[in-house]
Amino acid sequence: MASAPLSFIATQGALEVYVGEADQWVVQRGSQVCDTNKLRARASLLWLPLLEQDYPTFRQKVFRGLSSASPELAARRWAAFPVQELLSLALTASGSWYWVDLALAWAADVELGPQVQMQVQALAFDPSIPQPTRHRAKRLYYTGKSCL
């Protein structure tokens, strides 16, 4: 895995979630490992199964995993969780409407960064997008989800 010591946080199906001392998040499935840097570089789709858990439940699961840390450390580590990068990956690089729909469900529960907000807008007004997905994106767009 990564060179810094990792703390196990949670599981999502066969995916395990860890965080390191430098607030570096890592997911692992079997021998496959992907850290925050690889997610940002879009080097792997390994993070996508996290979206199969609804966001509030996932967040609660992560906070339970962070419970041994001080409240300040837990809050800092959660703030470093790459939710914007995960949403962006699912909205643009997955090649599957399944992941796009799950990302849109998460997007309804989080503040959207400018990049994700632009991706949602692009989905909302693209006539080639399946209608249910397009309508979900339009609802997010028209609710005026604020940026970080």
Side-chain angles (χ1 to χ4, degrees), residues 2 4 6-7 9-29 32-67 69 71-148:
L6 297 174
S7 299
I9 300 299
T11 60
Q12 172 57 36
L15 203 60
E16 296 176 342
V17 180
Y18 297 87
V19 67
E21 289 181 9
D23 302 332
Q24 175 79 344
W25 289 87
V26 175
V27 294
Q28 179 177 2
R29 182 177 55 218
Q32 295 178 304
V33 177
C34 185
D35 63 17
T36 305
N37 293 329
K38 289 180 184 174
L39 172 63
R40 288 184 179 125
R42 297 171 173 263
S44 173
L45 301 178
L46 190 60
W47 288 76
L48 293 180
L50 295 179
L51 298 171
E52 292 179 317
Q53 179 78 60
D54 67 87
Y55 178 80
T57 303
F58 176 76
R59 185 176 188 273
Q60 183 180 40
K61 197 186 282 190
V62 168
F63 270 101
R64 273 196 308 269
L66 291 170
S67 65
E72 296 81 18
L73 178 60
R76 188 185 81 215
R77 285 185 165 173
W78 175 249
F81 185 82
V83 69
Q84 299 297 313
E85 292 86 350
L86 174 57
L87 293 177
S88 181
L89 178 69
L91 292 172
T92 60
S94 69
S96 167
W97 297 118
Y98 174 75
W99 298 116
V100 170
D101 285 333
L102 292 176
L104 290 173
W106 269 43
D109 290 322
V110 300
E111 297 276 334
L112 300 182
Q115 180 180 357
V116 174
Q117 197 172 45
M118 288 183 343
Q119 292 165 341
V120 168
Q121 180 181 3
L123 289 169
F125 297 104
D126 184 344
S128 69
I129 304 295
Q131 186 177 20
T133 302
R134 193 172 63 243
H135 285 183
R136 178 177 259 174
K138 279 184 181 179
R139 279 192 299 277
L140 284 171
Y141 176 71
Y142 285 123
T143 60
K145 293 287 291 183
S146 60
C147 290
L148 293 171

Note: Q28 and Y18 closest approach over all heavy atoms is OE1-CE1, 3.8 Å

Kindly write out the residues that satisfy ring pair (Phe, Tyr, Trp, His ring centres under 6.0 Å) with F125, not counting sequence neighbours, or none if the list is empty. Y141

Does R40 have any side chain to side chain donor-acceptor pair (under 3.5 Å) partners at least two apart in sequence or in another chain, and if so, which? E85

Side chain to side chain contact (heavy atoms under 4.5 Å, CB included) between K61 and V17, intermediate numbers included: CA-CA 10 Å; K61 197 186 282 190; V17 180; over 6 Å; no

Check whether any side-chain heavy atom of E72 lies under 4.5 Å from a side-chain heavy atom of R76, and answer yes or no. no

Give the minimum heavy-atom separation between S88 and R42, together with the two atoms involved. OG-NH2, 2.5 Å

Do W97 and I129 come within less than 4.5 Å of each other through their side chains, counting heavy atoms only? yes

Could you check whether any side-chain heavy atom of V116 comes within less than 4.5 Å of a side-chain heavy atom of W106, counting everything from C-beta outward? no

In Å and rounded to the nearest 0.5 Å, what is the CD1 to CZ distance from I9 to F81? 10.5 Å

Q60 and R64: CA distance, side-chain angles, deciding distance, side chain to side chain contact (heavy atoms under 4.5 Å, CB included) verdict: CA-CA 6 Å; Q60 183 180 40; R64 273 196 308 269; 3.5 Å; yes

Minimum heavy-atom distance Y55-V110, with the two atoms named: CZ-CG1, 3.3 Å

Gap between atom CD of Q24 and atom CG of D35 - 0.5 Å precision: 4.5 Å

Of all the heavy-atom pairs spanning P49 and R29, show the shortest one and how long it is. CG-NH1, 4.0 Å

Determine the minimum heavy-atom distance between L123 and R134, stating which atoms define it. O-CG, 3.4 Å

All ring pair (Phe, Tyr, Trp, His ring centres under 6.0 Å) counterparts of F63, not counting sequence neighbours: W78

With a 4.5 Å cut-off on side-chain heavy atoms, are W25 and V62 touching? yes

Would you give the length of the straight line joining atom CG of L39 to atom CG of L46, rounded to the nearest 0.5 angstrom? 10.0 Å

When rounded to the nearest 0.5 angstrom, what distance separates CG in L91 from CE in M118? 12.0 Å

Within a strict 4.5 Å, meaning less than it, do heavy atoms of the E52 and Q12 side chains meet? yes

State the CG-CG distance between L89 and L48, to the nearest 0.5 angstrom. 5.0 Å

To the nearest 0.5 Å, atom OG1 of T92 lies from atom CH2 of W99 at 14.5 Å

Scanning both residues in full, the closest heavy-atom pair of R77 with L66 reads CD-CD2, 4.1 Å

